[in-house]
Structure formats: C-alpha cells, structure tokens
Amino acid sequence: MYKPVSNKIDFAAMEKDILTLWAKEDTFQKSMTERKSASEFVFYDGPPFATGLPHYGHLLAGTIKDIVPRYQTMRGHYVDRRFGWDCHGLPVEYEVEQDLEISGKTEIEKMGVDKFNEACRSIVLRYTREWREIVTRMGRWVDFDRDYKTMEPTYMESIWWVFKALWEKGLIYEGSKILPYCPRCSTPLSNFETNQGYRDVADPAITIRFKLDNEPNAYILAWTTTPWTLPSNMALAVGKDITYVRVKEKDAVYYLAKARFAEYYKKPEQYESVTELKGSELLRLTYEPLFPYFADKKAEGAFRVVNADFVSTEDGTGVVHIAPGFGEDDYRLGLAEQIPVVCPVDEEGRFTAVIKDYAGQDVKKADHPILARLKEEKKLVHRSQILHSYPHCWRCDTPLIYRAISTWFVKVEQIKDRLIEANKKVHWVPEHLRDGRFGKWLEGARDWAISRNRYWGTPLPIWRSKDGDEMVCVGSIEELEQLSGQKISDLHKHNVDKLEIPSRNGKGTLKRIPEVLDCWFESGAMPYAQAHYPFENKEHFESHFPADFIAEGLDQTRGWFYTLMVLSVALFDKPAFKNVIVNGLVLAKDGKKMSKRLKNYPDPVHVINSYGADALRLYMVNSPVVRTEDLCFSEDGVKHVLRDVLIPLWNAYSFFVTYANIDGWHGDGTSGCSSNNVLDRWIRSSLESLAVKVTTAMDNYDLQNAARPFVGFIDDLTNWYIRRSRRRFWKSQDDDDKEQAYRTLSYVLIQLSRIAAPFIPFMSESIYQNLRSKGMPESVHLCGFPVPDGSNRDEELEEQMAEVMTVVKLGRLLRAEKDLKIRQPLASMHVVSRNPEILRRIETRMDIIIDELNVRKLEFGVHETELADLKAKPDFKRMGPRLGPLVKAAAGVIAKMDGKTIENILSGAKISLSVNGQNVEVDSNDIIVERIPRKGLVVASEGPVIVALETELSSDLIQEGLAREFVNKIQNMRKTADFEVTQRIKINFTSDAEIKEAVMKFIDYLKTETLCLDLNFVQSKPAGANDWDINGHSCAIEVIPVKK
RNA sequence: GGGCGUGUAGCUCAGUUGGUUAGAGCGCGUCCCUGAUAAGGACGAGGUCACUGGUUCGACUCCAGUCACGCCCA
C-alpha cells in the first residue's frame, strides 16, 4: 500500500512535514557525508547583513544558490555550503548609534570605543534566527552551524594576511580622497549616506574675475557656488575644444565661454568688440592669486589655466574654479596636472590658521565676509542665487562639505590588465555582463579606497612611528603578539589600538593608525578568510580555488563580484569564481521598488504559507530574473505556477496512488519499465528528452531554460499520457498492459521527482517518499540525477505522437465546427496525405485517434486534391540566395500555379518557369505547399495532412450517442454524490422509448462503465431521481449505492 | 553626463546563423469534455515586433540614430 494521497492538498502543510522529515533524518548532512570523498563542487556564499530581515531579493538569490548545489550534489559532487554573515561596517554602527541615542564620532569617542564596539558586537547577529527560519522554510540547504562571520578572530586574521600580502606586493599606499564630510559630526560620509540627504537649498552663485599675468587689464571669469573654497583656488579649468570669447570692454578685457556670453552681456553697449578663440589657446596663461595665503604656491605650479574634460557650458562662464582640496574632479585634475593641493580646513570644518583673516570660522559662515571682501576688491563681477540639490548630513542636517581625507588605497589600476584577463575566464550568466557591465567597470577601474575613519571593522594592521618614517604591516596574530609582547584574543580596534610595537630604528614606539577596513574588503576576502587560510586548510584551499559557482544580484557588480576579483587577482592572478549567475531586481507588481512604507508587495511569509515555497521558487526561477532582468513580483504569477505545474503534477501522483492502492499494486523497485505499449514508450522517451534538456541547461547555468520544460512535460503527462491511459488502470483483470501502465507511471513519477528535485525540493521529496521502494536511497536528494542513456529515447516516436496529436486536434476542430460533441460517435474520418510515410505512421497509432475522437474507423487516402486546393509559394530560404532580386517576381509566378502543376512538382517533376524573361527551374524542394480545404466539405488541414469527417448519423450511431450521454449523466451523479471510485451502484430510470431502447441495447457497456450491478427501467419517476435532458429527450435517473 | 540592459497581444514572457501566416501561457468570448485535477480541450477576438533611417531579393532579427523605462557610475 502506498500512503493514500488526497487531491485536495495543503502545500504549505506538506512542505512543513518534509522539513520535519529532513530535520529528523538529517538528510542535508547525509547528502554531504555520503559524497565526502567525491570530487568537490566549490560554492561561495556572499554574506548578507543580519541587521535587517530577508526580502525577495534574498529569497531569489537563495533559491538560485540552492538549486545549483542540489543539482551538483545529485550529479555526484560534494558541495560544501557555508552561510556567512557580514558583521562589520557602517550599517551596524548606525543601528547602535540609534539604540544608544548618540550621534557622531565625538560622542562615540566620549563614551569609549570599547563600549561602542562591544555594543555593535551584541546587535550584529540580531536577526540571524529569523534568517535561518526563512531560509530553511524556503527549502534552502545551507550550513548555518558552520557559518562564517566577518568579525571572528580567525576571519579577521586571514584578512590581515590578505592585506599584508598586498602590502608586500607594493599594492597598498596612502593618499587622499575627496569625501563628503559633515563638519558637525567630524566624519566623512559614505556614498549611501550622502544619497539619503539631498535637499533643495539656495546657495550663492558668484562670478569672479581672475587677473591674467601677461595681458594688461585682462581677466578670466569663473563661477562658483562655494565662495569659501576660493581662498584654496589653485587653478582654472577650461575645455580645450570649447569656444571662448575675448570681450573688450571700455577699460578691460574678459574671457569666457562663447555659449555663456549672452548671459553676461545682454546689451550691445556693454562691450566694444568680441573675438573667438579655442580653449586650447588659453592653456598657457597664468593669473594672480585671488587671496594672498598661498601665493608662494605659484612656484609649484599653481594659478594657471589647465584643460579639463568635465568643463561644461551649461552654467557659469565655462571656466571652472579649481580647489583640489575640496572637489573630487578638482583633486584628480590636480594630480594629473601637478597642481598643489591645499586643504586649510580643520576637522570641525573651520578655517585653519593659514587663512589668517578667517581662521577659526566655520567655512560656510565665511561665505559672506569672503563675498564682501571680493566685492570691495572689485573681484566680484556678478552675484546671484542658485536653487539646487545639495547633500546634507542625514543625521544632523548640516550641509556637507567636500574635503580631502587621508585614505589608504589598493593599486587597482596597476593590476587592471590582469583583472581584465582573469575576467575573460569567467562564465557569466547572462553572458553580456562579462564584456558589458562588469568588463566596462574593470576597464574604468580606479584605485580602491579601503580605509574608513570608523570603529567597527577589521583594523588596518599598520603600526607607524610618530614621524611616519617607520611602518610595520602585521600579517597574523602571532606576529602581533611577538612584536608587541602581548597575548591577543580579539582583533577589534579597541583591543589592538592599545598595543604598541617598539621601533627598530630608535624612534620610540610605533602606534597603530586609526582606520578600519572597508567591509567590502572583508567580504572580498571571504574565500580565504572563511577557511582561515593560510593558517589552516592550506592545501585544501589551494587545490579548490577558484570557486565553481557563485550567485548574487546585479548590484554586486561594483560590490562583491568586484572585490572578490580584485583580491584574487592581486593575490593569485586568478578569478575567484568560474561561473556566476547574476539575478535582476525583484520589483513590486507595478514595476516600482518594493517599499515597506508603501506596502506594495505581499509579505514573503504570507506567500509561502499560501502557495508553498516550491511555488515561489519555481515562479522566480522560471522567469528572466535569473538572467539579470527585473521581475515585477506578482502573487498571481505564483498562483499560476501552482495551477499550471504543481497541482497537475500532484494530481498525476494522486491518480497513480489512488488506483495502485485499489489494485493493491506496488512497485518492487527492481523492475525497469520496459513496455510494448506505445503510450508508455512515448512518455518514457519524453521523460528522457526532459532529462536531456534540463541537464544541458543546468550545465550551462541557465536556470530559466532548465525550469521551463517542466511545464510542457507535465502537460504531456497529465493531458495526454494519463488521460489516454486512464482506462488501462480501471480494467478489472490484472493483465500485462495494466501492469505495464502501473510500472511506467510509477517509473515516470519517480524519475520526474529526481529531475525536479533541485527546483521543487518539497513536492519532489513528498512524491518520492511515497513511491520509492526499499532498495532506493531514503531521500530523493540522496539520489543521482537521472543520466540520459538514450535507451528509452525514441525521437521518431515523439514525432509520431506529435502527428497524432495534430490529427486529433484537426478532428476536434471539425467536430466543434459542426457542433458534434465527442460523445456522439461518428462513422468515420478520412485522413489524406500524398505522403505514404505519414499515412503509415498515423495508421500505426490509429486506435488512439479512433478512441480520442470517437469515430468508428479511419480511412486513409492519397488524393488530396479531392478535398483541398493546393497553393504554392517559394521556399525563400532556398530560392532567395539562388535567385537574388528575381525571387519576388518568381513568387508571383509560383503563386499563380494551378493545382495540377503543383501536384506534378510534388510528384518529382522539375518545372521551368519563365520569370521576367528568365528561365527558373523549380522542384519540390523549392516550394512550400499550402492545402486549402474545399468549401462545403468538413475538412481541415495542417501541414501535409488533410482530415475530413463523415458527419452523417445512422440510427445506430444516434443510439450509441444516447447511451454515452446516459453514462455521462450517471458519472456526474456519482461525482456529485461523492462516491468512492470503486463504489458499486444500482440504477433505476424512466424515459421515452428511444432512450429506453438505446439503454437496453448498450446495457452491458453501461453497466461496466458506471460500475452498475443492476439497471432497471421503471414506469414512473423514482423518488430519488434527477431529471435530465439527453440530446433533447427527457429522462429521470436514480443512482443507489450498493454493497459489493 | 557616461556605461550596461530592456522595449514583441490587455498581462507575463518565447522567438535559434536574417527567409514571407511572429508564438506560448494567463485573462476575455463561444463551444466541448470530465470515473485524477483549486481542472482539461478546441476555436475565436487581440500585434505598426517602441520610433526613424540604412544594409539586403527579404529585417522582430544586422547597422546607425531617436524616444521611453530600469540599474550602476559621475
């Protein structure tokens, strides 16, 4: 006995049972340990932050990260899957600041970095329990017990090793970076934070004149919205290809962009003459500094006109004031042009003593006095206001300033060629990312700023003397213990900052620099750090790097994909991964971003509980989101997966179990499934084709094309194989055919559960558990993935069946046209084709068609012109290349050919056509023939097959039609009464003479079909009878259940 | 502003090296079927393949440009 299966199923409940089973049997562990000695398939899991709950993006990536390892496990590989947690970084620090109601560096240092960091440590794993629950509920098998955490000492130690390896390769240097900076909080802000704080504000927009050195009374006009940066002006930038004008006024000369001229000179009397020149002609000019503070920098190359490609003429004067200490473009330009950098602003955003007139003043507040002074010195030409979007501190709402911050870098540009080279070895899904988005990003790669002026992160392992001359980079705990003479158990800032290293050169003690590492450096080091390489697992790691597979979202192009690549290339000159699936964004139904605030998407837990994790998994994976396209999440879509795939599959399974139990049939597990029944052979062959399709797609990491064929197969299984085979399962005698049907269906269901296991692990397991026999592995996930061996494959049979289906489709079409329901038997159907091969094949499968279409016989013929007119057109693919421009004219001639000519050609004749005076030879391969059914006949055609229906009804046929109609009514009554399928019944009915005669004529057929033991005609309507209309005859039927 | 991607039926998506009737599912309408099905089948309506130009005998497909949307970067 199989466990009885209801066709009313609660998917979520079924899945929870499976979870319990897996937990009890420790199935996941077994799938690993059983393959411990097998070849390894290496998977790396990117670490999420556990400070928030998982959303659809995580569920999607998690599903992909489950399907591939499950598949590879079934292919015989050992696939270690360790979950990881990203523990460090700003998001955690913000959470803690909010929890502790403090804000900014000053307050953190006041309370103590040790307390702050320990607070971070205490909350960072806040939601790990919820994550584990949801990830597990989604059916993802991943090892949470051996998870890696970026804050663990072993992990951090490996990061130090990575850092030192880079250091020793000369890939680390200290430089400056222009960052958004909050003067009140005394801290630089990340891009992410900056983006949160844009607000529209009014700022001064001023035009200043810079006096040129070599032309008397001549000035360049520049424009700025940050007057306070003017004392730090070091250069003026123009675009070398932009057209400028030299404007002569009465007593002075001005230079500005031609495109901006009209903004400044609205009346002709303002100037005397205007001449044009290119920006390149301005490049050698030098000018007088606006302020005296850095006048000495002129010797170092300051105060000249330089070229910059970022100059535009959209606003201002087409000349950009350059203060390399206060703007990113300015800074880079400064480096390129060797312009000195000055940054006379302190940590609190006040001018330093160098700017003696404004020393100690808040820079923003100094705008006004600076303006007043410029005006007084007649350097201010124009003044207005601009309303623009400007970043503010998201915490304290202070306008941010951009300023140079000392930062440590990885020399990415130096290894760029190797990065590009390594990337070529990676198989990206979708492919275009390799040379597209990711490749382009690598080509434009800049040095990577890896230090953060924060607290909760892996400290940069650099100790330095007070004068900065002596530096030690530490690469391990042991090394630090030796150098410092202290025992160390934790590597966080508050612990290692206390440690000092004695100088080797008599420079007193070396102290650690204050910065911590960018958390992207930490996650990029994950391949090494999760294994505590090279301190442990050295050989294993080196023989199992790079990973075979990773999968994350498109947002990781600049994130994890990039940092993995940079570090692995820097260390080993290899990519860190061989195959990568990049998923797109999961958006709300309306195409907008999912937003908790707007509640524009259903809660994942609700979706899982309503439709099941299998449905959600299959919905996501059978969509272009696994190829980086966006997915507009639709609950209806999940429902449809359920309806189109999962419910039919479940019902096929439930059908099988129901009848197998009735017959007491059980698979012995040893049998193959050889059968001489054509349906059996066909479905097995289709199954084999399915396995081939899935395997091919999966080996190519193409999940969508791996998931898609299930839909078609399940349709074939339920709506053709089972529907056509139904009666084979009801036959009361246990003949061979019935045995073959059971064997085949059980084989197909078991194999299907194995093919589907990676995608819908719950339902696959549920089916497998019930159908498996003793000798088989105890879980579908411990099975091998079906290997197509070809012995069950019969592609010709698959094509034949497709032909049969076509004929059936045509027959149904004709019946529908003539309003003849299938229950009404018809005398015969004609199948006509000039191709005897096709006729022969259809004849072989004649019984299926006769049964399906309820016709007494099929008649075959070759004379298609009796039923249809022939029309021809050229096969352009053949004739196009041959005829070139003539093909259009030829098409016209061919279209006019009569049926006889076409028949001749089809029979093998070669015809010579005259096309625009040229001879064109045409044979049967050159044309495509269309069959147009003759009007007035019941004829339909598709491809080379024509079908015609005999629609005349004899009294015999009418009587059989009535009998079948009668059966149908009884079946409906059985169903309404909710009888068991094996329930025997007694029938009393009353009707007119015609029905009575038909029923009595087919009484044996009727009784067999309806499991009726006793069928009686009665004179008056029985008490429990239902009234029916049978083809226009009225009739009353009573159905009474009887014991066997 | 730059890079990448997307644009095909009301909706979700297929569409192979260019080949002449552009497909599927859902939804809608009509009919059929039901002794597994929250079902199933057939038919029908529904398309300027975003737009413009080019290459070609022939373009949804290749090329150039434009527009819209998305993501990333600035």
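Order of the sequence lines sets the chain letters (A, B, ...), proteins ahead of strands, with each chain counted from 1.
Among the nucleotides B:G3, B:G58, B:A14, the one closest to the side chain of A:Lys888 is B:G58. Closest approach to the A:Phe876 side chain among B:C4, B:U6, B:G19 is made by B:G19 (side chain taken as heavy atoms from C-beta onward). Closest to the side chain of A:Pro624, out of B:G35, B:C57, B:C13, is B:C13. The side chain of A:Asn651 approaches B:A36 more closely than any other nucleotide in the set B:A36, B:G3, B:G58. Of the candidates B:A38, B:C57, B:A36, B:A36 carries the atom nearest the A:Ser654 side chain, counting heavy atoms from C-beta on. Set against B:C72, B:A74, B:A36, the side chain of A:Asp329 has B:A74 as its closest nucleotide. Closest approach to the A:Asp715 side chain among B:G5, B:G19, B:G41 is made by B:G41 (side chain taken as heavy atoms from C-beta onward). When the nucleotides B:G70, B:C71, B:A36 are ranked by their closest atom to the side chain of A:Leu554, B:C71 comes out on top. Closest to the side chain of A:Val887, from the set B:G19, B:G40, B:G3, is B:G19. Closest to the side chain of A:Arg643, out of B:G25, B:G5, B:G27, is B:G27.
Annotation for A:Pro648 and A:Leu642: closest pair CD-O, 3.9 Å, computed over non-hydrogen atoms.
Contact check, A:Lys873 against B:U21: a side-chain N or O comes under 4.0 Å of OP1 or OP2. OP1 and OP2 of B:C4 both lie 4.0 Å or more from every side-chain N or O belonging to A:Arg434. In this model, the phosphate group of B:A36 is approached by a side-chain N or O of A:Arg726 to a distance below 4.0 Å at OP1 or OP2. Under 4.0 angstrom from either OP1 or OP2 of B:U12 there lies no side-chain N or O belonging to A:Arg708.
On the C1' atoms, B:C72 is 44 Å away from B:C57, given to the nearest whole Å. The P atoms of B:A38 and B:U21 are separated by 42 Å, rounded to the nearest whole Å. Atom name C1', nucleotides B:G5 and B:A9: the rounded distance is 24 Å, in whole Å. As rounded to the nearest Å, B:G54 and B:A14 have C1' atoms that lie 28 Å from one another. Between the P atoms of B:A59 and B:G18, the separation comes to 13 Å (whole Å). Across B:U6 and B:G44, the matching C1' atoms stand 32 Å from one another, rounded to whole Å. If you take atom P in B:A74 and the same atom in B:G23, they sit 46 Å apart, rounded to whole Å. Distance noted for atom C1' between B:U17 and B:U56: 16 Å (whole Å).
Both A:Gln704 and A:Phe11 sit near RNA chain B, but only A:Gln704 has its closest nucleotide nearer the 5' end.
A salt bridge does not link A:Lys639 to A:Glu635: none of the charged nitrogens lies less than 4.0 Å from a carboxylate oxygen. Of the charged side-chain nitrogens involved, at least one lies within less than 4.0 Å of a carboxylate oxygen, so that A:Glu852 and A:Arg724 count as a salt-bridged pair.
Under 3.5 Å, the side chain of A:Arg437 and the base of B:C71 form at least one donor-acceptor pair of N or O atoms.
Remark: aromatic rings of A:Phe656 and A:Tyr2 are close, center separation under 6.0 Å.
When Watson-Crick and G-U wobble pairs are counted only if both distances are under 3.5 Å, B:A50 pairs with B:U66. The nucleotide B:A42 finds its pairing partner in B:U30, both defining distances of the Watson-Crick or G-U wobble pair being shorter than 3.5 Å.
Although no hydrogens or angles enter the test, the distance criterion places a donor-acceptor pair under 3.5 Å between the side chain of A:Asp447 and the main chain of A:Val412.
Between A:Leu554 and A:Leu433 the shortest side-chain heavy-atom distance falls below 4.5 Å.
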